[in-house]
Amino acid sequence: MIKMNKTTGSQVTEFILMGITNRPELQDALFVVFFLNYMVIALGNLGLIILISIDSHLKTPMYFFLRHLAFVDLGYSTAIGPKMLVNFIEEKNIISYVGCATQQVFFGIFITSEIFILSVMAYDRYMAICKPLLYTVIMSEMVCWLLVFISYLYSTIVSLLVTIMTFKSSFCKSNVLRHFYCDVLPLLSITCSDTRNIDLIIMVSAAFELVSSLLIIFISYMFILVTILRMKSSEGRHKAFSTCGSHFFGVMIFYATLVFMYMQPQSNHSFDTDKTASVFYTLVIPMLNPLIYSLRNKAVKGARKRKILNKNKMVA
């Protein structure tokens, strides 16, 4: 809906989300698929958070950061998933002006936090494998909390700044978003205000986030690889590979999707391509991460077995 205002002209009061598909016959099937998808995300990430929080064997920096990774995965998928599910069963996919801004803020906070938490996890693996004697001293509890706090603080500031500047714009072209959630690029495509300042902020912040995090991950894994190759024991090499294999696999999936989405040439850029990539990194990756980090991790599998055995003993 667009209301006329004497001082500002036309101004949107709500947005219409075009959704994943415009084919009505697919709506019911997609609702079932994404409902099951969100249930796996919620149960998997909540389970990982609870398990790491209560198991005494998982009180290390590696699992501290893994718990926060599960938290941000759950956060940005929850910012998107429930509203998307409602839209599958509603005749008109409407989101209010405030609801759209709120969704963009929380999505921005959680997705940006994930970028930095993944890089911090790479640094943690570097310290554990390359500097084992200094690991417990450098990666203290205070340092871990400080690294996570900085990630959340930066993400909150950038997300609020981008959202405030976006919603200060005048959306007088249309109120139809060619997406299934409120993202900044579709929003800027329907504004008639000057977007040069916000474009610059998005470009600078995105470049800083991607370049800095990828640089930390690349350098960390270069040192890790050199250290592993210098190990004389095959058992030691296998153990070192196993401790960072899950993280490396998760990083490759996440960053490959982001690079594909944001680094493609402008001539090939389309909202349909963006929607496909967005489904993958907002709803598929948060589902895969708990599986990647728990199925390939002996400590997590051992903690899960201990909880199951303790529960069985209590029942008996």
Side-chain angles (χ1 to χ4, degrees), residues 44-76 78 105-106 108-161 205 208-224 226-228 239-240 242-248 250-251 254-255 286 289-290 292-294 296-300 302-304 306-307:
N45 286 288
L46 273 175
L48 202 54
I49 292 169
I50 294 169
L51 187 64
I52 293 172
S53 299
I54 64 177
D55 193 279
S56 59
H57 296 81
L58 303 179
K59 302 298 182 183
T60 64
M62 174 181 175
Y63 298 105
F64 173 85
F65 295 126
L66 181 55
R67 183 177 64 188
H68 283 275
L69 180 67
F71 172 69
V72 297
D73 277 343
L74 181 62
Y76 70 75
T78 299
V105 166
F106 282 103
I109 291 171
F110 288 120
I111 199 72
T112 307
S113 297
E114 172 135 344
I115 292 172
F116 287 108
I117 289 173
L118 285 172
S119 60
V120 168
M121 290 174 74
Y123 177 73
D124 171 70
R125 291 300 83 208
Y126 157 73
M127 290 302 305
I129 294 172
C130 303
K131 308 285 184 181
L133 298 179
L134 299 174
Y135 179 62
T136 55
V137 176
I138 295 177
M139 299 303 292
S140 63
E141 184 178 0
M142 185 179 73
V143 170
C144 292
W145 273 110
L146 182 61
L147 290 171
V148 168
F149 174 75
I150 291 172
S151 299
Y152 289 143
L153 179 63
Y154 170 85
S155 302
T156 301
I157 291 171
V158 171
S159 183
L160 284 172
L161 178 62
S205 61
F208 169 73
E209 292 153 15
L210 286 174
V211 172
S212 61
S213 59
L214 282 173
L215 196 61
I216 292 170
I217 292 168
F218 178 75
I219 293 173
S220 297
Y221 274 105
M222 284 296 294
F223 280 112
I224 288 170
V226 170
T227 301
I228 290 175
K239 184 178 180 181
S242 65
T243 60
C244 59
S246 298
H247 175 260
F248 184 76
V251 163
F254 183 78
Y255 280 94
N289 276 345
I292 293 170
Y293 287 102
S294 60
R296 292 176 56 88
N297 192 297
K298 291 182 179 180
V300 174
R304 192 166 57 242
R306 284 191 296 273
K307 297 307 169 188

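One is the number of the first residue; the rest follow in order along the sequence.
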[atom1] of [X] to [atom2] of [Y]: how many Å apart, nearest 0.5 Å?
X	Y	atom1	atom2	answer
Phe149	Leu153	CZ	CG	5.0 Å
Asp73	Leu46	CG	CG	11.5 Å
Ile115	Tyr255	CD1	OH	5.5 Å
Phe71	Leu48	CZ	CG	13.5 Å
Leu214	Glu209	CG	CD	11.5 Å
Leu66	Ile52	CG	CD1	4.0 Å

Under 3.5 Å: donor-acceptor pair, side chain of [X], backbone of [Y]:
X	Y	value
Lys59	Ser53	yes
Ser155	Ser113	yes
Asp124	Met139	no

Give me the one residue out of Tyr126, Phe218, Tyr123 that meets ring pair (Phe, Tyr, Trp, His ring centres under 6.0 Å) with Phe223.
Tyr126
For His68, which of Phe110, Tyr63, Trp145 qualifies under ring pair (Phe, Tyr, Trp, His ring centres under 6.0 Å)?
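For His68, the ring pair (Phe, Tyr, Trp, His ring centres under 6.0 Å) test succeeds with only one of Phe110, Tyr63, Trp145, which is Trp145.
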Minimum heavy-atom distance [X]-[Y], with the two atoms named:
X	Y	answer
Ser159	Gly108	OG-CA, 3.6 Å
Ile138	Val143	O-CG2, 3.3 Å
Thr227	Ile129	CG2-O, 3.7 Å
Asn45	Pro286	ND2-O, 3.0 Å
Ala70	Ile49	CB-CG1, 3.7 Å
Thr156	Ile109	CA-CG1, 3.8 Å

Going through the checks in order, is the side-chain contact (heavy atoms from CB on, under 4.5 Å) test met by Val72 and Ile117?
CA-CA 9 Å; Val72 297; Ile117 289 173; 4.0 Å; yes
Looking only at side-chain N and O atoms, does Ser213 offer a donor or acceptor that is under 3.5 Å from a partner on Ser119?
no
Please confirm whether the ring centroid of Phe208 lies under 6.0 Å from the ring centroid of Tyr154.
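Ring-ring flag for Phe208/Tyr154: true, centres closer than 6.0 Å.
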Using the side-chain contact (heavy atoms from CB on, under 4.5 Å) rule, take His247 and Ile292 through it: C-alpha gap first, then chi angles, then the decisive distance, then the call.
CA-CA 8 Å; His247 175 260; Ile292 293 170; over 6 Å; no
Atom OH of Tyr135: over 12 foreign heavy atoms under 6.0 Å:
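Above 12, so yes.
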If you draw a 6.0 Å radius around CZ in Phe106, do more than 12 non-hydrogen atoms from other residues or ligands fall strictly inside?
no
Assess the residue pair Phe65 and Leu147 against the criterion (side-chain contact (heavy atoms from CB on, under 4.5 Å)); give the C-alpha distance rounded to whole Å, side-chain angles, the decisive distance to 0.1 Å, and a yes or no.
CA-CA 10 Å; Phe65 295 126; Leu147 290 171; 4.2 Å; yes
Taking side chain as C-beta onward, heavy atoms only, is Tyr221 less than 4.5 Å from Ile228?
no
